[in-house]
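What follows is a single structure, written as structure tokens, with notes after it.
We name chains A, B, ... by the order of the sequence lines, and we start the count at 1 in each one. The structure displayed is predicted, hence computed values, not measured ones.
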Number of protein chains: 2
Amino acid sequence: MTQTIKAGASAAKQPLARDVRQRLAAAGGRTSHDLGLGRIVGQMLVYLYLWDGDCSLDQIAEDLGLSKAAVSVSARQLEHLGMIRRTWRESDRRKYYRTVDNVGVALRQGVLSILRNKIEAMAVELDAAHAALKTGARADAELQFLAGRVKRAKVLRDRTQQMLGHPLLALLLPSR
Amino acid sequence: MTQTIKAGASAAKQPLARDVRQRLAAAGGRTSHDLGLGRIVGQMLVYLYLWDGDCSLDQIAEDLGLSKAAVSVSARQLEHLGMIRRTWRESDRRKYYRTVDNVGVALRQGVLSILRNKIEAMAVELDAAHAALKTGARADAELQFLAGRVKRAKVLRDRTQQMLGHPLLALLLPSR
DNA sequence: TATAAAATTCACACTTTTCTGAAAGTTCAC
DNA sequence: GTGAACTTTCAGAAAAGTGTGAATTTTATA
């Protein structure tokens, strides 16, 4: 590699720092995996959060023991999610990234949006069921029961959606 | 099979009803899968929710096209989670299940508890990191930065945990 | 414009997760 | 007790999901 004496540029200076970063990155990986976003996304986000300044894809790949391919894909995903942003350095064609200033907020919004999507998927099905049942005869007892349950579920869903809309955001977003 | 003329006992009477149930069950399966609980759990819960009265494992397995094995395991899981409860019928050694009366509440509590667990996993790591850094020298700039970030993350985590404690429960549980 | 360094894409190998079928275990009516 | 009807367990097949390396494309300089 070329000389790398730029401020905070490369290679672990403190082994302790490196350990801590890797350990927390692993934890982040588990979390994001559980959220259905893949492990690497979480690893990278935590790694960048714990890195002072900008960081090249190269470095991330090497430090976390991942392929450049995986890092490249996840970087774009994270950027798209608004968790990290790209930066440039003169006479260096590598891509550098850093966490967005308000990662906390972005994170919560992201999680909420995932939740909303999942609820929305169910919502669509419920509406379809509702429509199908409305069409059908309302003389049949089984159909009536079904219609009742679907209705109750819709109420539940609406309430949840509402809740995810107002109070949570009001409660969450103010925090820096 | 033996005669099955008991009220609401077996076999689909209404094809429409059967379709609606299966479709919504599939949606539930996807949701629970996303939550990391496996597909069948969600399928079964929705199926039972949409079934008027008690339901045997046999019937569920047949109607959803699943093996008895899978159904048996998931039934216990759901029972353990407090989402369904077992019922009996005279001179019938099969196991019957039905959704608990307040499925909505149980569901929300379940989801919240899953969330809390995931956060807790991260919390442990953060504390470990905090401890490790406190021990290390505080002269080093890199370590100081790291410690600062860990601290901020802890604040975030505490806030989230708090929020999952109070306001949500207050908002969610009152609904029937 | 040529070229070299880096990023990206893609087919596929690997890992993990999920489900099933067969066998063993329970339970209850007789 | 015995046997028939269910349930449960478990090994391993099938399916999903992930990550990698080789090849390709992009990009920035000279």
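Under the rule for a salt bridge (charged side-chain N to carboxylate O under 4.0 Å, His left out), Arg76(A) has no partner lying at least two apart in sequence or in another chain. Taking the side-chain hydrogen bond (donor to acceptor under 3.5 Å, both in side chains) definition, one finds that Arg39(B) meets it with Gln43(B), sequence neighbours left out. Qualifying side-chain hydrogen bond (donor to acceptor under 3.5 Å, both in side chains) partners for Asp92(B), counting only residues two or more places apart in sequence or in other chains: Arg94(B), Tyr96(B).
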Going through the distances and angles, do Tyr97(A) and Asp54(A) end up as a side-chain hydrogen bond (donor to acceptor under 3.5 Å, both in side chains)? CA-CA 5 Å; Tyr97(A) 285 99; Asp54(A) 309 342; over 6 Å; no
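Atom CZ of Arg86(A) is separated from atom C1' of dA6(C) by 10 Å (rounded to the nearest Å). A straight line from CD1 of Ile60(B) to P of dT8(D) spans 12 Å, rounded to a whole angstrom. Put simply, OH on Tyr96(A) is 14 Å from C1' on dA28(D), counting in whole angstrom units. Nucleotide dC19(C) holds its P atom 12 Å from the CG atom of Leu37(B), rounded to whole Å. The distance from atom CG of Leu57(A) to atom C1' of dT26(D) is 14 Å, rounded to the nearest whole Å. Rounded to a whole Å, the CD atom of Glu62(B) is 13 Å from the P atom of dT7(D). One atom, OH of Tyr97(B), and another, P of dC6(D), lie 15 Å apart when rounded to the nearest Å. In this entry the distance linking CZ of Arg30(A) with C1' of dT17(C) reads 18 Å, nearest Å.
Atoms OH and CG, from Tyr47(B) and Leu66(B) in turn, are 11.0 Å apart once rounded to the nearest 0.5 Å. In this structure, OG in Ser32(A) is found 9.0 Å from CD in Gln77(A), a value given to the nearest 0.5 Å. Taking OG1 of Thr31(B) as the reference point, atom CG of Leu107(B) lies at 10.0 Å (rounded to 0.5 Å).
Shown for residues 41-50 of chain B: no residue has heavy atoms falling under 4.0 angstrom of DNA chain D. Of the residues in residues 70-85 of chain A, those lying under 4.0 Å from DNA chain C by heavy-atom distance are Ser72(A), Arg76(A).
Taking 4.0 angstrom as the limit, Arg39(B) places a side-chain polar atom (N or O) nearer than this to OP1 or OP2 of dC19(C). Considering only side-chain N and O atoms, Lys68(B) lies nowhere under 4.0 angstrom from the phosphate OP1 or OP2 of dT9(D). The phosphate of dT18(D) (OP1 or OP2) has a side-chain N or O of His33(A) nearer than 4.0 angstrom.
Thr99(A) places no side-chain N or O within donor-acceptor distance of the main-chain N or O of Tyr49(A), the cut-off being under 3.5 Å.
The pair Asp127(A)-Lys154(A) meets the salt-bridge criterion, since a charged nitrogen lies less than 4.0 angstrom from a carboxylate oxygen.
Picking from dA7(C), dT20(D), dT7(D) the nucleotide with the shortest atom distance to the side chain of Asp58(B) gives dT7(D).
Here the closest heavy-atom approach between residue Ala129(A) and residue Leu24(B) is recorded as CB-CD1, 3.8 Å.
With contacts defined as side-chain heavy-atom distances shorter than 4.5 Å, the pair Arg116(B)/Gln161(B) does not qualify.
Counting non-hydrogen atoms of other residues, nucleotides and ligands closer than 6.0 Å to CZ of Arg23(A) gives a total of 12 or fewer.
Backbone-only contact: Gly65(B) has heavy atoms under 4.0 Å from sugar-phosphate atoms and none from a base.
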Under 3.5 Å, N/O pairs linking protein and nucleotides 23-30 of chain C:
{"unit_1": "dC28(C)", "atom_1": "O2", "unit_2": "Arg93(B)", "atom_2": "NH2", "d": "3.2"}

